[in-house]
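It should be emphasised that the depicted structure is a prediction, and the values quoted were computed from it without experimental measurement.
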Amino acid sequence: MTLGLINANPIVHAKKERIARTEDLHCEDAVDPLDIYDSVRDIRDPEHPYSLEQLSVLSEESVTVDEKRGRILITFTPTIQHCSMATVIGLCLRVKLMNSFPPHFKVDIKVSPGSHANEESVNKQLNDKERVAAALENPNLRQLVDECLQSNDL
C-alpha cells in the first residue's frame, strides 16, 4: 500500500456471484471473455484492500476476445482521472494473463476512453513490450504486482 492515498474514499461495490458454467466441448484451447474476467476480477487494487471488481475498475463487459485474430482486449476504468496507479493496474492485468492464458494471444490492455487524464501515454506504456519487461525487472514494482496478484478473499 502506498502512503498518501490518491483516492482516499473510493466507491466500493458488492462482488458479483461467480457464474457456474459447464465446460464448452467445442475446443479445448478456446478462450472465453468470462474465463478471462474470472481470472482477473480478484486482482487487488494497489492502493486499497479491494478487488478491481469491487472498485468497478473492471467489469464483464470490459473483456473482449477475437479468436480468429488471436487477440484479447481488456479495457479498465481507473477510479479517478489522474490515477497514478493506472500503469500498475495494467501491469497486474498483463502479468496475470501471461501466467494464465496461451501465449499465442496478443493481449492489449487499455484504459477506457476518457477515463484517464494521460490516456494515450498510459495505453502506450501498457502495450510496449520493452517498457513492460523493464517494469517487471524493478524489484519494488514486481513486489507490488505480486502482492496485488496474491489470491485472497477480498
Practice problem: Would you give the length of the straight line joining atom CG of L52 to atom OG1 of T77, rounded to the nearest 0.5 angstrom? | Solution: 11.0 Å
Self-check item: Side-chain touch M85/D45, heavy atoms, less than 4.5 angstrom
Solution: no
Practice problem: Tell me, with the steps shown, if R69 and F105 meet side chain to side chain contact (heavy atoms under 4.5 Å, CB included). | Solution: CA-CA 8 Å; R69 294 179 60 209; F105 278 92; over 6 Å; no
Self-check item: Spacing of CD belonging to Q143 relative to SG belonging to C148, to within rounding of 0.5 Å
Solution: 10.5 Å
Practice problem: Please report the shortest heavy-atom distance between V145 and C92, naming the atom on each side. | Solution: CA-SG, 3.9 Å
Practice problem: Give, for atom CG of L149 and atom CG of N99, the distance between the pair rounded to the nearest 0.5 Å. | Solution: 7.5 Å
Practice problem: With rounding to the nearest 0.5 Å, note down the distance linking CZ in F76 to OG in S59. | Solution: 13.0 Å
Quiz item: Could you go step by step and tell me if L34 and E60 meet the side chain to side chain contact (heavy atoms under 4.5 Å, CB included) rule?
Solution: CA-CA 7 Å; L34 193 53; E60 293 174 16; 4.0 Å; yes
Quiz item: Taking the side chain as C-beta and beyond, is there a heavy-atom pair between V40 and L58 under 4.5 Å?
Solution: yes
Quiz item: Can you name the side-chain contact (heavy atoms from CB on, under 4.5 Å) partners of K110, sequence neighbours left out?
Solution: L73, N123, N127
Quiz item: Tell me, do I89 and P46 make a side-chain contact under 4.5 Å, heavy atoms counted?
Solution: yes
Quiz item: Considering only heavy atoms from C-beta outward, does the side chain of P78 approach that of V57 to under 4.5 Å?
Solution: no
Quiz item: In Å and rounded to the nearest 0.5 Å, what is the CD1 to CG distance from I72 to L93?
Solution: 11.5 Å
Quiz item: Donor-acceptor pair, H116 side chain versus C83 backbone, under 3.5 Å?
Solution: yes
Quiz item: Taking atom types as modelled, is there a side-chain donor on E53 or Y37 under 3.5 Å from an acceptor on the other?
Solution: yes
Self-check item: Heavy-atom donor-acceptor pair, S39 side chain to I36 backbone, under 3.5 Å
Solution: yes
Quiz item: Would you say Q54's side chain and R44's backbone share a donor-acceptor pair under 3.5 angstrom?
Solution: no
Exercise. Report yes if the side chains of V88 and L141 come closer than 4.5 Å at any heavy-atom pair, otherwise no.
Key: yes
Practice problem: Could you tell me which residues satisfy side-chain contact (heavy atoms from CB on, under 4.5 Å) with P113, sequence neighbours excluded, listed by chain and number? | Solution: T75, E119
Quiz item: Do you know which two heavy atoms are closest between V65 and V31, and how far apart they sit?
Solution: CG1-O, 3.6 Å
Quiz item: Looking at side-chain heavy atoms only, is the closest gap between L97 and I74 below 4.5 Å?
Solution: yes
Quiz item: Is the number of heavy atoms from other residues, nucleotides or ligands under 6.0 Å of K106 NZ greater than 12?
Solution: yes
Quiz prompt | Side chain proximity check, V107 to R94, heavy atoms < 4.5 angstrom | solution = yes
Check: residues 128-135 side-chain donor-acceptor pairs under 3.5 Å, at least two apart:
unit_1 : atom_1 : unit_2 : atom_2 : d
D128   : OD1    : E130   : N      : 2.9
D128   : OD1    : R131   : N      : 3.1

Quiz item: Hey, does T87 have a side-chain heavy atom less than 4.5 Å from the side chain of Q125?
Solution: yes
